[in-house]
Amino acid sequence: MNDRVHHAASSQAPAPRMRRHPGRALLVGLWLGSTTALAAPTEPWFEKGTVLVQTPDGGAYYGVDTQKRIGCEGRLCLWHVVQSLGPCFYGLCTNQQMVLSDLEGRFLGAAQDLDAWAPKTLRFIDAEHVEVVTTSRNEPFSIPADALDSTRVSRQVLKVAPDGSRFIAAPSPTPKWTKPAARRGKAPVVSKPPKSLPVDDALLARARTLCREDLRFNPVDHACRDGTCLLLLSGVEPSPEADTEDASPPAAADLKGPFCGLLVKGEELRSLGFDEEGVEVEVSSTAYALSGPVGARGSMEHMETLSRSRPGYMVFSDTVGAVVDGIRPYPVRSAHSKEAALALAPTAQAYTQVHISWGETGWKDAEDLSFAWRLARVGEMLALHVEVHDDQMVPLGTGTGVHSDHVELTVPRSNASALKLGVLLAAGGKVAARDWTGEANTPLASIQGTWRKRPQGYEVTLTLPLSDLGVAEPRRSFGLSLAVSDADARGKQETLMTHSGSLIFWTEYPPSIDEYRRHGPMD
C-alpha cells in the first residue's frame, strides 16, 4: 500500500464534522421509516476537501457516522460513507453514499447515493470505472410464494471524472445466455377461467363451523372445478345489494376481512387457515392472492397465491424462460426426456462479485468468469446443462484436475458430511467425473456427459443418477452447491463462482396446496 494512503487510513484525526438535514425533515422521515422518504442527499453532507478517516464497521448502527475506504486506483480512492439518522419504522435509518477522495483522503466532490436497506459491494473495475452490485431478497417464508428464489442482483457501472469531481453513468450489460429452440417456442395458451357453480346452504352451514366462532362469516366468492371448490367467506356483514351468485369475482375494493377460506372436495371440508386478523385477500378471475402482516414491524407482505381456476392448487411463476440470481429454492421440473425437461427449467445465473466464493482477487469481470445453468429430472436421473463464459480455457491435463477449468457439485448428506464431485473437461469432448469427498479422487463412470467450446467459453451437459448423489429414495428437497472453477494459467486455480441453495422436487408444478404447505409451512 502507498505510504501516504496508509498514513491517511491510520490517522487519529477526528472524523469530519457532518452537516445535518433540518430537524423537521428528519422527523418526518423517521416517522415514514424510509430512506427515500428521508430525502437522502444527492450532495454529500460534508464539504469538498474534508479529510475522510476510516472508522470501525457498524458504527452507524449505534448512532455514529462511519467512513470505510474500499480501495485506491491511480490518484483516486473509493469510500463508503454512512450517516446515522437514528431509530425509524424499520429499525435504524441511515443515508449512505459512495464518494471519491485523493490519496490523502480529501473528498473530491463525486458522490453517489446507495440503497441503505440492501447489501452491496463496491469496487474499482479499473482506474476509470467503479462498480456497485446490490442484492435484495424479500423472504417472509421459508419458500417464496411464487416458487422461485427472490434474490435480485443489480449491477451499476459508473465512470469517474479524472479529477474525482463526479460519477458518470456507463453501460453495464449483463451476459447473454444461449437459449435452445425449445425455449423460444409458441406462447403458452391461457385458458379462460371456469364459471363458478353454486354452493348450497347445507355446505355453507358446514363451512361456517370451521371458521372463527366470534364472527358470523358470509360467502363473498367461490369457485368450483373437477369436483373441488374454494370458498371465500368474510366476517363483515354483506350489503343488501350483494349478489353472491354472480360468476365474476368481486372487486378488490369491495372485499373486507377478516376472511375464512375453505377447500371442499367431495364430502371433505377443510379450512385453509387464513382467518387470522390482518390477512388480506385480492380476488382475480384466476386466483386468490393472500397478504399478511408478516414483514418488518408488521408490514404487509405477499404470502401465497391460491388458484381460483384450478381449486386446490397453487399459482406459481412460469419457469420457462425465467432467469434467477439465486437457488433458495430451485424448482426441479420433470419430463420424459432430457431435452424436454431442461426446456422447462429456469436459468440460474452468476456474473458478479456477489457469487464469488473463493479467489476474489483473481477475478476481473463477467468475461473473465461467469456462468448459467439449468437442472431438471428425468426418471431417477438429473439432467444438468452449464454454460460458462471464460476468456481463457484450460481443459484437463494431468493430475487431479483441481487446477484446471471444471465444474464442482457439493450435496450435503444426512450424516452431516457432504459429497463433493469434480466434473473435468477431458479429451475428445468427454467429461471425467471424480469423487473429491475428503481426500479422495475416485472416478465415477456412472456420471456421463459431454463438453464443447463456445466462442466465449464452454458448455457442459451431464446426467447424474440420483443414487450417486446419495439420494437412495425420492426426497422432496436436498441442498446443492454448484460452482465453476477458473484456472487462467495451467496449474493454478484462481477463482470459484458458486450458487448455493436447495433443490425442490414437486410432484406436480404448480403443486397442490397440501404439498406446498408440507414443504414450506408459514413461519
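These numbers come from a predicted model, not from an experiment.
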**Request:** For the pair Trp451 (side chain) and Lys430 (backbone), establish whether a donor and an acceptor sit closer than 3.5 Å, ignoring hydrogens and angles.
**Result:** yes
**Side-chain (Thr352) to main-chain (Val354) donor-acceptor, under 3.5 angstrom** = yes
**Item:** Rounded distance [0.5 Å steps], CG in Asp113 versus CG in Asn95
**Value:** 7.5 Å
**Asked** Taking all non-hydrogen atoms of both residues, which atom of Pro346 and which atom of Pro331 are closest, and how far apart?
**Response** CD-O, 4.1 Å
**Asked** Is a donor on one side and an acceptor on the other found under 3.5 Å between the side chain of Tyr330 and the backbone of Leu375?
**Response** yes
**Message:** Do Leu382 and Leu462 make a side-chain contact, defined as non-hydrogen atoms from C-beta onward lying under 4.5 Å apart?
**Reply:** no
**Message:** Asp163 vs Leu108, test: side-chain contact (heavy atoms from CB on, under 4.5 Å). Steps then yes/no.
**Reply:** CA-CA 7 Å; Asp163 61 357; Leu108 297 175; over 6 Å; no
**Item:** Check: Phe46 and Val81 side chains under 4.5 Å, non-hydrogen atoms
**Value:** yes
**Prompt:** More than 12 foreign heavy atoms under 6.0 Å from CZ of Arg454: is that the case here?
**Reply:** yes
**Request:** Any chance you could measure Asp102, atom CG, to Leu52, atom CG, to the nearest 0.5 Å?
**Result:** 9.5 Å
**Message:** Do Asn441 and Trp436 have side chains that approach each other closer than 4.5 Å (heavy atoms only, starting at C-beta)?
**Reply:** yes
**Item:** Side-chain touch Glu367/Gln456, heavy atoms, less than 4.5 angstrom
**Value:** no
**Request:** Please answer whether the main-chain N or O of Asp365 pairs with a side-chain N or O of Trp363 as donor and acceptor at a distance below 3.5 Å.
**Result:** yes
**Asked** Between atom OG of Ser485 and atom CD of Gln493, what is the distance when rounded to the nearest 0.5 Å?
**Response** 3.5 Å
**Nearest heavy atoms of Thr55 and Asp65, plus distance in Å** = OG1-O, 4.1 Å
**Prompt:** For Val132, does its backbone N or O pair with a side-chain atom of Gln156 as donor and acceptor, under 3.5 Å?
**Reply:** no
**Request:** Output the distance between atom CG (Asp325) and atom OG1 (Thr347), rounded to the nearest 0.5 Å.
**Result:** 11.5 Å
**Prompt:** Does a side-chain heavy-atom distance below 4.5 Å link Leu425 with Ser404?
**Reply:** no
**Request:** Kindly give the heavy-atom pair with the smallest separation between Ser357 and Thr498, and that separation in Å.
**Result:** OG-OG1, 2.5 Å
**Prompt:** Hey, are the side chains of Val157 and Val130 touching, using non-hydrogen atoms and a 4.5 Å cut-off?
**Reply:** no
**Asked** Backbone N or O of Val394 within a donor-acceptor pair of the Asp405 side chain at under 3.5 Å?
**Response** yes
**Request:** Would you give the length of the straight line joining atom CG of Leu114 to atom OG1 of Thr134, rounded to the nearest 0.5 angstrom?
**Result:** 7.0 Å
**Message:** Is any side-chain heavy atom of Gln54 closer than 4.5 Å to one of Trp79?
**Reply:** yes
**Request:** Take Thr94 and Leu85, measure what side-chain contact (heavy atoms from CB on, under 4.5 Å) needs, and give me the verdict at the end.
**Result:** CA-CA 5 Å; Thr94 61; Leu85 297 171; 5.6 Å; no
**Request:** Taking Asp486 for its side chain and Leu369 for its backbone only, find out whether a donor-acceptor pair lies under 3.5 Å.
**Result:** no
**side-chain contact (heavy atoms from CB on, under 4.5 Å) assessment of His80 paired with Met98** = CA-CA 5 Å; His80 178 200; Met98 175 177 68; over 6 Å; no
**Request:** Using modelled atom types only, decide if a donor and an acceptor are shared between the side chain of His406 and the backbone of Leu396 within a distance under 3.5 Å.
**Result:** no
**Request:** For residues Thr319 and Tyr509, report the shortest heavy-atom separation together with the two atoms involved.
**Result:** CG2-OH, 3.3 Å
**Evaluation steps, side chain to side chain donor-acceptor pair (under 3.5 Å), between Glu131 and His129** = CA-CA 7 Å; Glu131 175 190 69; His129 298 87; over 6 Å; no
**Request:** Look only at the side chain of Ser165 and the backbone of Ala110, and say whether a donor-acceptor pair between them is shorter than 3.5 Å.
**Result:** no
**Request:** Apply side-chain contact (heavy atoms from CB on, under 4.5 Å) to the pair Leu482 and Leu384, showing each step before the final yes or no.
**Result:** CA-CA 11 Å; Leu482 191 149; Leu384 174 66; 3.8 Å; yes
**Prompt:** Is Lys338 reaching over with its side chain to a backbone N or O of Val378, donor-acceptor style, under 3.5 angstrom?
**Reply:** no
**Closest non-hydrogen atom pair between Ile447 and Pro465, with its separation** = CG1-CD, 4.1 Å
**Check against side chain to side chain donor-acceptor pair (under 3.5 Å), Gln353 and Glu360** = CA-CA 7 Å; Gln353 191 176 12; Glu360 185 174 304; 2.5 Å; yes
**Request:** Please check if atom CZ in Arg166 has more than 12 non-hydrogen atoms from other residues, nucleotides or ligands closer than 6.0 Å.
**Result:** no
**Request:** Report yes if some heavy atom in the side chain of Phe371 is under 4.5 Å from a heavy atom in the side chain of His499; otherwise report no.
**Result:** yes
**Request:** Nearest 0.5 Å please: distance from the OG atom of Ser481 over to the CG atom of Leu409.
**Result:** 8.0 Å
**Message:** Restricting to non-hydrogen atoms, name the atom on Ala341 and the atom on Arg377 that form the minimum distance, rounded to 0.1 Å.
**Reply:** CB-O, 3.8 Å
**Asked** Applying the side chain to side chain donor-acceptor pair (under 3.5 Å) test to Trp177, which of Gln349, His389, Glu387 qualifies?
**Response** Gln349
